[in-house]
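Structure, as structure tokens:
What you see below is based on every heavy atom in this structure, not just the backbone, and it leaves out hydrogens, waters and symmetry mates. Start at 1 and go down the list; that is how both ligands and their atoms are numbered.
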Amino acid sequence: MMVDQKFFQHLQLLVIVLLLSWRATFEHSTGMKDGIRCIEKEREALLKFKDELIDEYGRLSSWGNEKYKKDCCKWSGVSCDNQTNHIVGLDLHSPWDSELGGSTAPLRGKISIWLLEIHHLKRLDLSYNDFNYSRIPQFIGSLGRLQYLKLVGSNFIGETPHHLGNLSELNFLYLGSSNDGSLTSTNLDWLSRLHSLSDLIMVSVNLKMATDWLQTITKLNQLKSFFLLSCNPPMVLPPSHFNTSNSLSEFVLFGNEFSSSGIFPWVFNLSSSLSLLDLGSNKLHGEIPISLGNMSSLTSLYLFDNQLTGKVPCPALSSSLTDLDLSGNMFNGTITQCIGSLSKLEYLYLGSNNFEDVIAESHFFNLSQLKSLDLSFNPSISFNISVGWNPPFQLTSVDLSGCKVGPHIPAWLRTQTRLENLRISNAEISGTFPDWFWEQSPKLSRLNASHNNFQGVLTDLSSKFSNFSYTDLSFNHFNGSLPILPHNGSVLDLSNNEFSGSITNLCNKTSGYWHFLDLSNNLLSGQLSNCFANLPNLKYLNLAHNNFSGKIPSLNIHASLHLQNNSFTGKIPTSLRSCTSLTFIDLSLNKLTGKIPIWVGDTWTKLVFLSLKSNEFFGSIPSNLCHLAHLQVLDFSLNKISGGIPKCLNNLTAMIQVDSKFDGAFRLRYHGGFEGACVTWKGKRAEYIKTLKFLKLIDLSSNNLVGDIPTEITSLIMLVGLNLSRNNLSGSLPTNIEQLRSLDFLDFSRNHFFGDIPTGVSQLDRLGVLDLSYNNLSGKIPQSNHIQTFNDSVFKGNPGLCGLPLTKVCPGDESAQVPKINDNVHGMKDPDEEEDQLINIGFYISMAVGFVFGFWGVCGTLVLNNPWRIAFFKLWNSIMDWLYIKIAISKARLIEAFHKFVKF
Ligand SMILES: *[C@@H]1O[C@H](CO)[C@@H](O)[C@H](O)[C@H]1NC(C)=O
Ligand SMILES: *[C@@H]1O[C@H](CO)[C@@H](O)[C@H](O)[C@H]1NC(C)=O
Ligand SMILES: *[C@@H]1O[C@H](CO)[C@@H](O)[C@H](O)[C@H]1NC(C)=O
Ligand SMILES: *[C@@H]1O[C@H](CO)[C@@H](O)[C@H](O)[C@H]1NC(C)=O
Ligand SMILES: *[C@@H]1O[C@H](CO)[C@@H](O)[C@H](O)[C@H]1NC(C)=O
Ligand SMILES: *[C@@H]1O[C@H](CO)[C@@H](O)[C@H](O)[C@H]1NC(C)=O
Ligand SMILES: *[C@@H]1O[C@H](CO)[C@@H](O)[C@H](O)[C@H]1NC(C)=O
Ligand SMILES: *[C@@H]1O[C@H](CO)[C@@H](O)[C@H](O)[C@H]1NC(C)=O
């Protein structure tokens, strides 16, 4: 399986950044004792320091002049020495919110020089604030007693001040920019003066020019941990007498651009006391050199997400290894002999390689300590394990996704009573889920058994697990009624099965934990009554493609609502009016009726996707719909909507802006799947499973609209599709239509438009589909090479039109050529080509692909219990948000994914 390197890099980077910051935050907790009075001078200095900060969130509200606030040692973030009463610690980092995907309450403004009055300051943490792209103040280098300094994620840019090199007592330094590497350091000479430094962490600090970085390491005699994450230091040969601190135990060059030739010659010789080596997400290729064997104290080796090939040099692996992560490479050959001799292994990640092996019981004889096993996505690994096997280990985490595990669930899992995570998706398993499974794994909290052939009825699971938070059983053949589920879950995907009957079992749930519920593509039916009233925190609800009927109940959904293709009747419920944070609403293909509520434009202000397609809505389009500045897809097609097209459409600014702010792939965020959107594209209904970031579309076709096309519509320059066909529109076509330069799809057919076709049409270079048929257009069809590639059906039914590609010659053009017959005309392409074309126009489904191929493939290993990664789940949401923005994927992968997931 191919793995997207960037995806990985960013994901892991973020995890590590966050974990490091937690570590940094909690490791040195500060103690305050009652009755300690702070020193007046320092108190005043702090107040002046506060004066220059902007504290929108009241984080410094305990700092003040009032009598009851006198003791500055009790102020939040301040800690004093319990004997001298001097202020020794200032921890003003902003908390990180996983829901929000960012700092929750950043301080802004300026870092005041009054800070220097806190002479005894030892610890300073200003992370995750917003210092407005300013530089790190030089005077921080004058806080001579500083031992601990953390300035990460606070929007500092520019050159790191060399004055920090004056902090001779510093032993912990953590610098980082938000993620774009705009904080730089052109040389690290200043660092080499920090003789007490034991922990150095740099994240996204641009070190491209810092040719002395390796030399600097040799001068830091106390260095224990060295982390360069995404800093891209240049590849340099080590100085001739390369000598590192004897205490160096953790060496991390994660997410840089190191190649094997640049790093292998020296990195394995770094220090005999090294315990952690992480070269993950670099550009290492070729085979691992045998000199790996020099690192006899190595306990953790991470080489994931590179392009390493060949066999793993088993004898060279340190027998002390507890963590081994080789996932996401191209290793081949066998691995089993290796594993057998590493008796201390606890975490073994070999996923997404090309290992070829028959895994047998004997390979695990020595692995009594193993806690986490990932063999996923090695297509040539198979298993030869007897039914009665009793493994020597108790695993908490197993990932066998994408391996040939079937035909049954491995019986040995029965012995694993500590199991918390189990991934066996895509593992060719069929049959029923064994009863013992639910009994034997009381600690299971995450289960992904999707994309198998499981069948049968799932019964009451509510009492089986104490902590069942994530369940994905999608794409199987489970049937019968929905199981009763535990109260404390948060993500449930039962989509694409054969569940039938009502959803009463779920309705009986009162729980604030549930965030994500996908029951789409089943055979469920019945009314919903007040089913979801008890799930106050539901963010994503997908009931699409079932047979639910009756009115849409009162709902409280925070982000994404998919009810398409059911038989819902009645109006859009007013309860939805309170769901002000909705970004995605698909009510298409139901029997809903009534007018489009006027409040839609004023309450769903975050809306990005709105489809009411194929219902029975009537009345006119309310003009305050134009307030939906984030709207990218507006689909009212196939209704009975009358009146004119609002003139204010140019207020839909998301259709004007190149860069969309939409980051709302909630399915992705909560789960790892996709946000699906049903839109009509090129005459076919397509379920788009992608991010929609570049999809900007207005479809008002098949209604009763009258009047002309407001010229304002031509300001929507990023519009990719515009369909006004099958209405009663009239007037002439907008003259400046060439402004819609992103248009790929334009359908004005079956209206009453008259007059000339504006010449601008011939300038729409990206147009893949054009339909102007059955109007009253007249005159000569504008000529361009592009227009002539269209089929003549595009212009059919306009008796007054002449010129190519029609056979009717315009008056005065009699000598013109006979039209050529063009087989490969737009609008009549074979489906494959259409798909390609969709992609050509910038129709990216990058996240979805990144996720499917990257995450469960390899990143899944991250999720397992590993010292580094233990807190991963709590950060999951924010990471997904973040990834969303960051990932881009090659076209080849897009196409591959497209073919896999787009169902016409
Ligand atoms: C002061 O703090 C230190 C550790 O920071 C602690 O060992 C000591 O007992 C404390 N002294 C008093 C008087 O609380
Ligand atoms: C941030 O910096 C910009 C330009 O330097 C300035 O215009 C703006 O007022 C600053 N904002 C804050 C909150 O300080
Ligand atoms: C701190 O460092 C800077 C530059 O590295 C230097 O110019 C300055 O004299 C130093 N200040 C003190 C107080 O040592
Ligand atoms: C290497 O380290 C040893 C011991 O710390 C020291 O004596 C020697 O000078 C160092 N060599 C170089 C080239 O720095
Ligand atoms: C590691 O160091 C030894 C001696 O200290 C040297 O002989 C060997 O060539 C080094 N290996 C590499 C790969 O640099
Ligand atoms: C394993 O990978 C190496 C290096 O890419 C290649 O030369 C070798 O043929 C591969 N072996 C097998 C059995 O695929
Ligand atoms: C809800 O569940 C409880 C216990 O599981 C059951 O006693 C009760 O009848 C259920 N109520 C409904 C409306 O299904
Ligand atoms: C459209 O935007 C303009 C300028 O922002 C504003 O004055 C106008 O009221 C808006 N119209 C509607 C219908 O929202």
Side-chain angles (χ1 to χ4, degrees), residues 1-3 5 48-61 63 92-94 100 102-115 126-140 151 153-161 177-180 182-184 259-261 263-264 279 282-292 303-317 324 326-339 350-360 363 375-382 402-404 858:
M1 163 138 321
M2 254 191 59
V3 180
Q5 182 155 355
K48 287 183 171 137
F49 173 77
K50 178 188 172 180
D51 279 347
E52 294 187 37
L53 290 173
I54 301 168
D55 180 22
E56 291 161 66
Y57 300 91
R59 290 190 31 217
L60 305 182
S61 56
W63 296 28
L92 300 180
H93 80 274
S94 164
L100 206 78
S103 341
T104 40
L107 295 168
R108 287 179 228 276
K110 203 169 150 233
I111 300 175
S112 163
I113 197 159
W114 281 97
L115 197 57
L126 299 174
S127 302
Y128 306 114
N129 290 303
D130 179 7
F131 294 113
N132 197 17
Y133 306 99
S134 60
R135 296 183 166 222
I136 295 176
Q138 295 179 350
F139 60 75
I140 290 185
L151 302 172
S154 288
N155 293 334
F156 287 118
I157 59 164
E159 184 73 16
T160 309
S177 70
S178 303
N179 56 36
D180 54 0
S182 50
L183 189 63
T184 60
S259 66
S260 304
S261 54
I263 205 165
F264 280 158
L279 304 176
N282 277 287
K283 294 186 169 160
L284 307 180
H285 51 82
E287 308 201 355
I288 304 182
I290 201 79
S291 54
L292 184 59
L303 297 173
F304 51 85
D305 190 25
N306 281 291
Q307 289 122 43
L308 293 165
T309 52
K311 295 186 173 180
V312 176
C314 293
L317 294 175
L324 178 62
L326 303 177
S327 54
N329 282 289
M330 297 182 280
F331 289 117
N332 63 16
T334 61
I335 187 72
T336 38
Q337 322 134 264
C338 259
I339 329 175
L350 303 173
S352 297
N353 278 291
N354 297 318
F355 289 118
E356 293 152 33
D357 231 331
V358 179
I359 307 281
H363 298 131
L375 300 173
S376 63
F377 297 103
N378 279 286
S380 305
I381 283 188
S382 58
C403 296
K404 293 190 191 98
V858 180

According to salt bridge (Lys or Arg N to Asp or Glu O under 4.0 Å), does anything in residues 127-138 pair up with another residue at least two apart or in another chain? List the pairs. Arg108-Asp130
For a side-chain contact (heavy atoms from CB on, under 4.5 Å) check, start with the C-alpha distance between Leu350 and Phe331, then their side-chain angles and the critical distance, and finish with the verdict. CA-CA 9 Å; Leu350 303 173; Phe331 289 117; over 6 Å; no
Of Ile54, Leu126, Asn129, the one forming a side chain to side chain contact (heavy atoms under 4.5 Å, CB included) with Leu107 is Asn129
For Trp114, enumerate each residue passing the ring-ring contact (aromatic ring centres under 6.0 Å, His included) test, keeping only those at least two apart in sequence or located in another chain. none
Quick one: ligand 2 N/O to protein N/O pairs below 3.5 Å?
from, atom 1, to, atom 2, distance (Å)
ligand 2, 2 (O), Asn132, OD1, 3.4
ligand 2, 2 (O), Asn132, ND2, 2.4
ligand 2, 11 (N), Asn132, ND2, 2.7
ligand 2, 14 (O), Asn132, ND2, 3.2

Could you give the distance from OG (Ser352) to CZ (Phe304), rounded to the nearest 0.5 Å? 13.0 Å
Test ring-ring contact (aromatic ring centres under 6.0 Å, His included) applied to Phe131 - qualifying residues, sequence neighbours left out: Phe156
Geometric N/O contact Glu287 with ligand 6, under 3.5 angstrom: no
